[in-house]
Each structure stands twice: as structure tokens, then as C-alpha cells.
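Notes for the one structure printed next.
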Amino acid sequence: MSADRIALKGLRARGRHGVLAAERELGQEFVIDATLFLDTAPAAAGDDLTKTVHYGELAEALVRVVEGEPVELIETLAQRLADVCLSSELVRKAEVSVHKPAAPIPLPFDDVVVTIERSR
């Protein structure tokens, strides 16, 4: 398998995910990083977008998930996002990180991140 990667980092979207009622009512910003592992040589050889992943369309699909049906756990959200990343047959593996910088933690912190890796 090729070691080529397409990475989309820092994608921001507002969602209503979380265990607390206030998180679901008010919502908050989530930040998504997605790395897709695939062979980009066929696309590069023919300068052909149909032989790779359109990262603009990927971004739109990921935002729809974040803005969509709420879940309690960001682990569940990460899985749904990974499923989107793997929806293209070209993608062999995906790594997805979900950042929740406004998590309701009553202590100073920079970020909460769940990262998962899924393969076909």
C-alpha cells in the first residue's frame, strides 16, 4: 500500500454533542483533523480528480456530520467521521481527531482530543 496521505486539519463546525444537557442545548465548536491514506499516483499520473479524494467535498461531508444528529461521546462522533472518510473505495485507512476545546471541565486546559484510526 502506498504511504500517500491527504490531510485536512483544523476543520471547524458547531455541534450539539456531549453528555450534559447544556452542551446539547447551546452547542459548541468542534475541530476536526482527518488524514486519509491512499495511493495518489493514479490521480497524479493523469492529473485526474476522479482518481483521488476531493478534499472540499470531504470537508463538507464531515461538517454535515458534526452539525447533524447529536451524540453523547466524541468517540462516537469520531467513528461517524471515520466512516465518512472511508466511504471512498480509494481510501484504505483514515485517522480522525475530534477536538473539543470548550469541553465542560472546571480546570484550565488547552484541548480535549479523541483520535481514532480505522482501516478497511
Side-chain angles (χ1 to χ4, degrees):
M1 181 176 106
S2 172
D4 301 343
R5 293 181 295 279
I6 295 175
L8 177 61
K9 303 225 179 246
L11 181 65
R12 288 167 165 57
R14 190 160 184 84
R16 296 178 179 274
H17 311 288
V19 174
L20 302 178
E23 293 179 290
R24 293 199 174 223
E25 182 180 325
L26 301 172
Q28 62 190 286
E29 183 179 71
F30 292 84
V31 182
I32 308 304
D33 300 326
T35 302
L36 312 181
F37 296 80
L38 67 157
D39 184 1
T40 63
D47 198 29
D48 186 350
L49 179 60
T50 66
K51 295 183 179 176
T52 189
V53 173
H54 188 303
Y55 48 79
E57 292 176 357
L58 173 65
E60 291 173 356
L62 294 174
V63 165
R64 281 193 299 273
V65 171
V66 174
E67 292 176 344
E69 180 186 347
V71 296
E72 290 189 358
L73 302 178
I74 57 175
E75 291 86 344
T76 306
L77 180 58
Q79 180 63 56
R80 289 181 179 181
L81 295 167
D83 291 343
V84 169
C85 292
L86 290 170
S87 65
S88 169
E89 293 180 11
L90 299 171
V91 178
R92 297 290 167 231
K93 182 171 74 171
E95 181 180 276
V96 173
S97 295
V98 176
H99 301 256
K100 190 174 179 179
I105 299 172
L107 299 165
F109 73 99
D110 289 330
D111 200 2
V112 173
V113 185
V114 169
T115 300
I116 66 170
E117 185 178 289
R118 299 292 184 263
S119 300
R120 292 192 172 278

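Just so you know, residue 1 is the first one in the sequence shown, and it goes up from there.
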Does any N or O in the side chain of Arg120 come within less than 3.5 Å of the main-chain N or O of Leu86, such that one atom is a donor and the other an acceptor?
yes
Keeping the roles fixed (side chain from Arg14, backbone from Gly27), state whether a donor-acceptor pair exists under 3.5 Å.
yes
Quick one: [atom1] on [X] to [atom2] on [Y], what's the gap to the nearest 0.5 Å?
{"X": "His54", "Y": "Ile6", "atom1": "NE2", "atom2": "CD1", "result": "11.0 Å"}
{"X": "Ile32", "Y": "Leu11", "atom1": "CD1", "atom2": "CG", "result": "6.5 Å"}
{"X": "Leu49", "Y": "Tyr55", "atom1": "CG", "atom2": "OH", "result": "9.0 Å"}
{"X": "Leu36", "Y": "Arg5", "atom1": "CG", "atom2": "CZ", "result": "11.5 Å"}

Return yes when atom CG of Asp48 has more than 12 non-hydrogen atoms of other residues, nucleotides or ligands closer than 6.0 Å, and no otherwise.
yes
Which residue pairs satisfy the side chain to side chain donor-acceptor pair (under 3.5 Å) criterion with at least one member in [range], sequence neighbours excluded?
{"range": "residues 17-26", "answer": "Glu23-Gln28, Glu23-Lys100"}
{"range": "residues 74-85", "answer": "Gln79-Asp83, Gln79-Arg118"}
{"range": "residues 29-38", "answer": "Asp33-His99"}

Same apolar cluster: [X] and [Y], side chain cutoff 4.5 Å:
{"X": "Val31", "Y": "Val84", "result": "no"}
{"X": "Val112", "Y": "Val71", "result": "yes"}
{"X": "Ile105", "Y": "Val98", "result": "yes"}
{"X": "Ile116", "Y": "Val65", "result": "yes"}

Does Leu38 form a side-chain contact (heavy atoms from CB on, under 4.5 Å) with Arg92? I'd like the steps, not just the answer.
CA-CA 6 Å; Leu38 67 157; Arg92 297 290 167 231; 5.7 Å; no
Testing the basics here: between Thr52 and Ala43, what is the closest heavy-atom pair and its distance to 0.1 Å?
CB-CB, 3.7 Å
What heavy-atom pair brings Ala41 and Asp4 nearest, and what distance separates the two atoms?
N-OD2, 3.9 Å
Is the shortest side-chain heavy-atom distance between Glu95 and Thr115 below 4.5 Å?
yes
Side chains of Ile74 and Phe30, heavy atoms from C-beta outward: is any pair under 4.5 Å?
yes
Result for side chain to side chain contact (heavy atoms under 4.5 Å, CB included) between Val96 and one of Leu81, Leu77, Leu62 points to Leu81
